**Student:** 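One structure, pasted below without further comment.
Numbers here simply count residues along the sequence, with the first being 1. Model, not experiment: these values are computed from the prediction.
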Amino acid sequence: MSSTSEKGRHAPKRLRLSREERLRQLLDVSWRLVREEGTDALTLPRLSEEADVTKPVVYDHFGTRNGLLIALYKDFDARQTAIIDAALEAREPTLEGTARVLAAAYVECVLAQGREIPGVLAALAGSPELEAVKRDYQLVFIDKCRKALASFIGPRGVPQAGFWAMLGAADALSHAAATGEITARQAEDELFETILAMIARSRR
């Protein structure tokens, strides 16, 4: 038997995955690349090599590099939502308990993704597609916070601007913790105090 035939006979077969499983694999490989080499290293051809799939498979899933980066943002947000939902479900039903859970869960999720998510957001700066996706998720998060805090809000209420300010603080503090500018505990404590102050203003 020829050496070519031997090679073909013993070559490992590529594992056939469902579309959903393949997407999960590609996202996991993408996160690893960003973590190890930075966002600049993440291109569709490079992802194809690292994931050991053909380029058409990668392009079929994401279309463009921006499409891939937006998919990573959506993946991050889905995990963040799951963490916060689980934490709220198990929280102590007090203002302090709710505020602490919101603060800790938000920071925890960003830190779990390390430096990768700031890099992804920076790479997508100015992208209309990201702005639309990000705004949708932001509005969902604000609505989740409003419902969780509803029973503690005073007669003056909390304007939408108040929740946007809280979200801005959550993003800034979490990313500062992710880059080592402050500790995770400092980020959580400051966000906790921000939420309490927002509720206190509604009661004056």
Side-chain angles (χ1 to χ4, degrees), residues 20 23-24 27-28 30-31 34-35 69-122 124 129-204:
E20 184 177 329
L23 175 61
R24 182 69 264 159
L27 290 173
D28 289 343
S30 296
W31 283 123
V34 174
R35 181 168 57 252
L69 293 169
I70 288 170
L72 288 176
Y73 177 80
K74 288 180 176 179
D75 185 51
F76 161 75
D77 198 89
R79 284 201 298 276
Q80 185 180 52
T81 297
I83 288 172
I84 291 173
D85 285 349
L88 285 173
E89 189 69 27
R91 79 187 186 277
E92 179 186 343
T94 62
L95 171 58
E96 289 74 14
T98 302
R100 179 60 69 183
V101 157
L102 287 172
Y106 199 99
V107 174
E108 174 192 338
C109 190
V110 173
L111 289 182
Q113 206 59 65
R115 295 174 179 265
E116 297 99 271
I117 196 62
V120 168
L121 291 173
L124 279 165
E129 299 99 325
L130 173 66
E131 288 307 313
V133 170
K134 191 175 178 182
R135 181 172 176 77
D136 286 344
Y137 281 123
Q138 287 172 328
L139 290 172
V140 168
F141 178 73
I142 285 173
D143 186 58
K144 190 187 303 292
C145 291
R146 185 181 287 280
K147 287 176 179 175
L149 295 165
S151 60
F152 311 113
I153 294 175
R156 289 186 59 183
V158 176
Q160 192 75 347
F163 282 103
W164 277 105
M166 180 202 70
L167 180 56
D171 280 337
L173 290 165
S174 298
H175 292 163
T179 56
E181 299 294 325
I182 60 176
T183 66
R185 184 66 192 200
Q186 286 172 327
E188 289 178 18
D189 287 348
E190 192 62 33
L191 183 52
F192 172 75
E193 294 295 339
T194 298
I195 295 170
L196 292 186
M198 179 181 72
I199 298 302
R201 287 194 300 272
S202 76
R203 296 173 172 178
R204 292 173 188 160

**Student:** Could you work out, with side-chain contact (heavy atoms from CB on, under 4.5 Å) as the rule, every residue matching Arg204, not counting sequence neighbours?
**Tutor:** Arg156, Arg201
**Student:** Arg100 side chain to Glu92 main-chain N or O, any donor-acceptor pair under 3.5 Å?
**Tutor:** no
**Student:** Under a 4.5 Å cut-off applied to non-hydrogen side-chain atoms, are Leu149 and Leu95 in contact?
**Tutor:** yes
**Student:** So, do Leu173 and Val107 sit near enough that their side-chain heavy atoms are less than 4.5 Å apart?
**Tutor:** no
**Student:** Between Arg91 (side chain only) and Leu88 (backbone N and O only), is there a donor and an acceptor less than 3.5 Å apart?
**Tutor:** yes
**Student:** Considering only heavy atoms from C-beta outward, does the side chain of Lys144 approach that of Leu102 to under 4.5 Å?
**Tutor:** no
**Student:** Taking C-beta and beyond as the side chain, do Ile195 and Phe152 meet within less than 4.5 Å on heavy atoms?
**Tutor:** no
**Student:** Determine whether Met166 and Phe141 make a side-chain contact, defined as any pair of heavy atoms from C-beta on separated by less than 4.5 Å.
**Tutor:** yes
**Student:** side-chain contact (heavy atoms from CB on, under 4.5 Å) for Leu139 and Phe163? Distances and angles first, verdict last.
**Tutor:** CA-CA 10 Å; Leu139 290 172; Phe163 282 103; over 6 Å; no
**Student:** Just how far is it from atom CD1 of Ile70 to atom NZ of Lys134, taken to the nearest 0.5 Å?
**Tutor:** 12.0 Å
**Student:** Going by the rule side-chain contact (heavy atoms from CB on, under 4.5 Å), which residues pair with Gln80 if we only count those two or more places apart in sequence or in a different chain?
**Tutor:** Phe76, Asp77, Ile84, Tyr106, Cys109, Val110
**Student:** So for atom CZ, which belongs to Arg203, do other residues, nucleotides or ligands contribute more than 12 heavy atoms lying within a distance under 6.0 Å?
**Tutor:** yes
**Student:** Would you say that Cys145 contacts Ile142 through its side chain, given a criterion of any heavy-atom pair below 4.5 Å between the two side chains?
**Tutor:** no
**Student:** Nearest 0.5 angstrom please: Tyr137 OH to Lys74 NZ, how far?
**Tutor:** 6.0 Å
**Student:** What pairs meet the salt bridge (Lys or Arg N to Asp or Glu O under 4.0 Å) rule with one or both residues in residues 171-185, with sequence neighbours excluded?
**Tutor:** Arg185-Asp189
**Student:** For a 4.5 angstrom cut-off between non-hydrogen side-chain atoms, does Leu130 reach Leu69?
**Tutor:** no
**Student:** Measuring from atom OG1 of Thr81 to atom CZ of Arg79, what distance do you get when rounded to the nearest 0.5 angstrom?
**Tutor:** 11.0 Å
